[in-house]
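These notes are about the structure you will find just below.
Throughout, protein chains are lettered first and strands after them, A, B, ... in sequence-line order, and every chain is numbered starting at 1.
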2 protein chains.
Amino acid sequence: MPDKPTTIKEIAKILKISVSTVSRALHDHSSIGLTTKMRVKKLAAELNYEPNQRAIQFLHGKSFVIGVILPELSESFFSTAISGIEDIAYKRNYTVLLAQSHDDAEREKLLVAKMKSQGVDGLLVSVAKTTSTYEHFEVFKKLNIPIVFFDRIPPIKDIHYVSSNLKTGTFEAVNFLLKKGHRTIGMINGPGTLVATHERKEGYIRAMTANRLKFDPSLIVSCDLSEDGTIKAMDTLLNHKRKPTAVVTFNDYVALFAMRYAKSIALTNLDFVSYANLPIINYMDHTPIASVEQFPYKQGKKAADILIDLINKPKNESGSEQAYFNIVVESELVLSNRK
Amino acid sequence: MPDKPTTIKEIAKILKISVSTVSRALHDHSSIGLTTKMRVKKLAAELNYEPNQRAIQFLHGKSFVIGVILPELSESFFSTAISGIEDIAYKRNYTVLLAQSHDDAEREKLLVAKMKSQGVDGLLVSVAKTTSTYEHFEVFKKLNIPIVFFDRIPPIKDIHYVSSNLKTGTFEAVNFLLKKGHRTIGMINGPGTLVATHERKEGYIRAMTANRLKFDPSLIVSCDLSEDGTIKAMDTLLNHKRKPTAVVTFNDYVALFAMRYAKSIALTNLDFVSYANLPIINYMDHTPIASVEQFPYKQGKKAADILIDLINKPKNESGSEQAYFNIVVESELVLSNRK
DNA sequence: AAAAGATGTGCAAACGTTTGCGCGAAATTA
DNA sequence: TAATTTCGCGCAAACGTTTGCACATCTTTT
């Protein structure tokens, strides 16, 4: 018995009144008599009437759905972020249409098109690594559908975005190590192609200069983030004429590799600081003594909030130039909570 | 200039033909002349015409959207699963409407209602821990919208579900330890309220009896999964008159706590087997020598596939009883890949 | 030359809801 | 009592698309 859902029409027919009256009654419109309202509402409740959202969305071209395109849902950073996004969406009565690009530019393009045809009210995107052209996002602009970029920001003008700044966290991290008495601090950095690599480096330099110390570029070695690469980087650092007493690693994986390696060669007096991307690191035997936290949950919330604000913003306030949100969520040093 | 999207009407007007002709031309309907088709398609392309999905969905009451309600998006198991779900949805041209219940029965109820009003074609649910009534799912049944339950299955009849069976994996795990020469195997199990706890126990017992060994219930201790609880459980096991030489732990966190504790009391000759829920465990210093894998990605894919099959199934084949999919994805023992 | 078929196109209804406008009846005012 | 206002409700259009049906023109068959 595939019960077709009750419609406003049926209510009207049963009560022998017009559909418009029913509609207005259900919306407590002032021009409908009290008795009529009661009758309509009572019957609607009995028949389990629920407005057909598809019809409503179609009517005013609004869906209360935001699209979210992320590179990898299984990556901890993104899955934490989507949790924040969904929480805000839920709170503000929106729903989340989710898709992952798997860092494939082609798939991303298709997804953007799909999101558009699904009629999302706004789009939240963390762009794929392989994405190098950005016209597929332009379409949204033309249709006046807001996009907020998130974490991975395309290098184009006039966009809204939320991202984290690793400079401050790295600054704090190096500063923390200096305060702790370290004078020679190594850094295992990532490939030069990543923005994140440069931000780390800058934070490092700033901390040194802020403490009136000379910056030695050879104490920063880049690394392909593999285990072997990490070991090579560690060797470079350990053979440095000024052997570091502390190391800042690009991420938790690199930290793990490095710590394991240090242990394997019976090196114990080395402090590590890393970047928090693994929820588990605090549970482990050897943990970095501190972590630079990027707050993906918070970032996700922020991005979703901005997007929904944009959706509900009065259209094109005449005269005033479009203002772009460029929110930077500062990263922060968090000390390890292990005793 | 908020370019309103091109509609079929405008094309018709410009070409001075009727909307129906345009529609048919775009669909390559056989009754439309070749020249007309060409003209229509050419203009449509020029105007970047794209059919308004909302209108189409409204017309046929189909949305090509599946709803997914999970307890926690940031939990590794679920975020891996959603990745699989999305991959299948993408492949089969569906989109995923995502929400998390945070294990709150009330929020789950609201989400189910929201999914319904959003007009999803099907629903995929892993029920919240606190959910104890199940009427909110009945509505979908009445409307003939399929639901597939996933991992956390409600205790009701006549439902489709995909879940994993930990019996087989646990059997393999214990069997593996026995083959390795262990004769006294402890198990740190979870609270008795969880199905998963019983499945683990059963797998354990089966392995013992399959090897014609006596099962000693006191070698299975339950635990609240906290660090303190784990340590207590470990103490119980280590003080057992038959001190275990290997331990199966309820999950990776418990494994970590237990291994850390063992190490802290200088206990080294203990083998651990755990259940894979943390992607990182293989990178660590001390890892379990093997893990029972539940394949959340695969489970997600399977569940999505079944759901979409159900959506596209010819309605109510008359006479034949409704068949329910009860898919059990067997768990498997995976040896640690660390040398 | 008339009937039949094929071909190309348009009309209009349908999907469920909202909303501006108008109209009759009752209630108020002058 | 007549003029005006208020109240309660219905009509119909609109959103964009698909589709059954009918109609006209042209081509073929008898």
Side-chain angles (χ1 to χ4, degrees), chain A residues 2-41 43-44 47-65 116-121 143-145, chain B residues 2-41 43-44 47-65 116-121 143-145:
Chain A
D3 267 9
K4 284 269 160 273
T6 315
T7 75
I8 227 172
K9 277 190 186 176
E10 307 176 45
I11 300 184
K13 189 185 272 179
I14 296 177
L15 258 37
K16 293 190 204 303
I17 57 181
S18 78
V19 280
S20 42
T21 305
V22 176
S23 173
R24 276 185 261 253
L26 291 171
H27 286 82
D28 268 327
H29 195 281
S30 60
S31 74
I32 300 296
L34 210 66
T35 48
T36 316
K37 276 185 194 170
M38 300 288 279
R39 293 205 308 143
V40 170
K41 287 185 181 176
L43 185 60
L47 297 179
N48 283 316
Y49 169 76
E50 290 204 30
N52 179 328
Q53 294 299 329
R54 269 198 283 253
I56 296 174
Q57 290 172 17
F58 165 59
L59 189 61
H60 0 36
K62 258 212 95 177
S63 64
F64 282 94
V65 171
K116 192 181 97 215
S117 74
Q118 282 286 355
V120 296
D121 289 343
L143 295 174
N144 235 348
I145 302 173
Chain B
D3 267 7
K4 284 271 161 272
T6 315
T7 73
I8 227 173
K9 277 191 186 175
E10 307 176 47
I11 299 184
K13 190 185 272 181
I14 296 177
L15 259 37
K16 294 192 207 302
I17 56 181
S18 78
V19 280
S20 42
T21 304
V22 176
S23 172
R24 277 185 261 254
L26 291 171
H27 286 82
D28 268 328
H29 196 281
S30 60
S31 73
I32 299 295
L34 209 66
T35 48
T36 317
K37 277 186 192 170
M38 300 288 278
R39 294 205 309 145
V40 170
K41 286 185 180 176
L43 185 61
L47 296 179
N48 284 318
Y49 168 75
E50 290 204 30
N52 179 328
Q53 294 298 331
R54 269 198 282 255
I56 296 173
Q57 290 172 17
F58 166 57
L59 190 62
H60 323 72
K62 259 212 94 177
S63 64
F64 281 94
V65 170
K116 191 180 97 215
S117 74
Q118 282 287 355
V120 297
D121 289 343
L143 295 174
N144 234 347
I145 303 172

Answer yes or no: are there more than 12 heavy-atom neighbours, outside A:K13 itself, under 6.0 Å from its atom NZ? no

Does [X] reach a base, just sugar-phosphate, or nothing at all? Heavy atoms under 4.0 Å.
| X | answer |
| --- | --- |
| A:H29 | nothing |
| B:K16 | sugar-phosphate |
| B:T7 | sugar-phosphate |

Atom [atom1] of [X] and atom [atom2] of [N]: how far apart are they, to the nearest Å?
| X | N | atom1 | atom2 | answer |
| --- | --- | --- | --- | --- |
| A:L15 | D:dG8 | CG | C1' | 15 Å |
| B:E10 | D:dC15 | CD | P | 10 Å |
| A:D28 | D:dG8 | CG | P | 13 Å |
| B:I11 | D:dT18 | CD1 | P | 11 Å |
| A:I17 | C:dG24 | CD1 | P | 20 Å |
| B:H27 | D:dG16 | NE2 | P | 16 Å |
| B:Q53 | D:dC15 | CD | P | 19 Å |
| A:K13 | C:dT17 | NZ | P | 14 Å |

Check against side chain to side chain contact (heavy atoms under 4.5 Å, CB included), A:T6 and A:I11: CA-CA 8 Å; A:T6 315; A:I11 300 184; 4.3 Å; yes

Residues in contact with DNA chain D, drawn from residues 54-64 of chain B - heavy-atom cutoff 4.0 Å: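 Contacting residues: B:A55, B:I56, B:L59.
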
So, do A:L15 and A:R39 sit near enough that their side-chain heavy atoms are less than 4.5 Å apart? yes

Whether the side chain of B:S20 and the base of C:dC11 hold a donor-acceptor pair under 3.5 Å is what I'd like checked.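 Side chain to base: pair found, below 3.5 Å.
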
Quick one: does A:R24 reach the base of C:dG20 with a side-chain donor-acceptor pair under 3.5 Å?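 For A:R24, whose side chain was compared with the base of C:dG20, there is a donor-acceptor pair (under 3.5 Å).
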
Using every non-hydrogen atom in the two residues, find where [X] and [Y] come nearest and quote the distance to one decimal.
| X | Y | value |
| --- | --- | --- |
| B:I145 | B:V120 | CG2-O, 3.9 Å |
| B:S117 | A:E50 | CB-OE1, 4.4 Å |
| B:G119 | B:S63 | O-OG, 2.8 Å |
| A:Q53 | B:Q118 | CG-N, 4.2 Å |

I want to confirm an ordering. Mapping A:T6 and B:L34 to their closest nucleotides on DNA chain C, which one lands closer to the 5' end? B:L34

Please tell me which of the listed nucleotides, C:dT17, D:dT19, C:dT9, lies nearest to the side chain of B:T36?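 Of the candidates, C:dT9 comes closest.
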
Which nucleotide in C:dT9, C:dT17, D:dG10 has an atom nearest any side-chain atom of A:N52: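 Of C:dT9, C:dT17, D:dG10, C:dT17 is nearest to the side chain of A:N52.
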
Donor-acceptor under 3.5 Å (B:H29 side chain, B:S31 main chain):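 Between the backbone of B:S31 and the side chain of B:H29 there is a qualifying donor-acceptor contact (under 3.5 Å).
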
Starting at the 5' end of DNA chain D, which residue's closest nucleotide do you reach first, A:G33 or A:V19?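 So the residue in question is A:G33.
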
Residue-phosphate contact under 4.0 Å: [X] side-chain N/O, [N] OP1/OP2:
| X | N | result |
| --- | --- | --- |
| A:K9 | C:dC15 | yes |
| A:T21 | D:dC9 | no |
| B:S18 | C:dC11 | no |

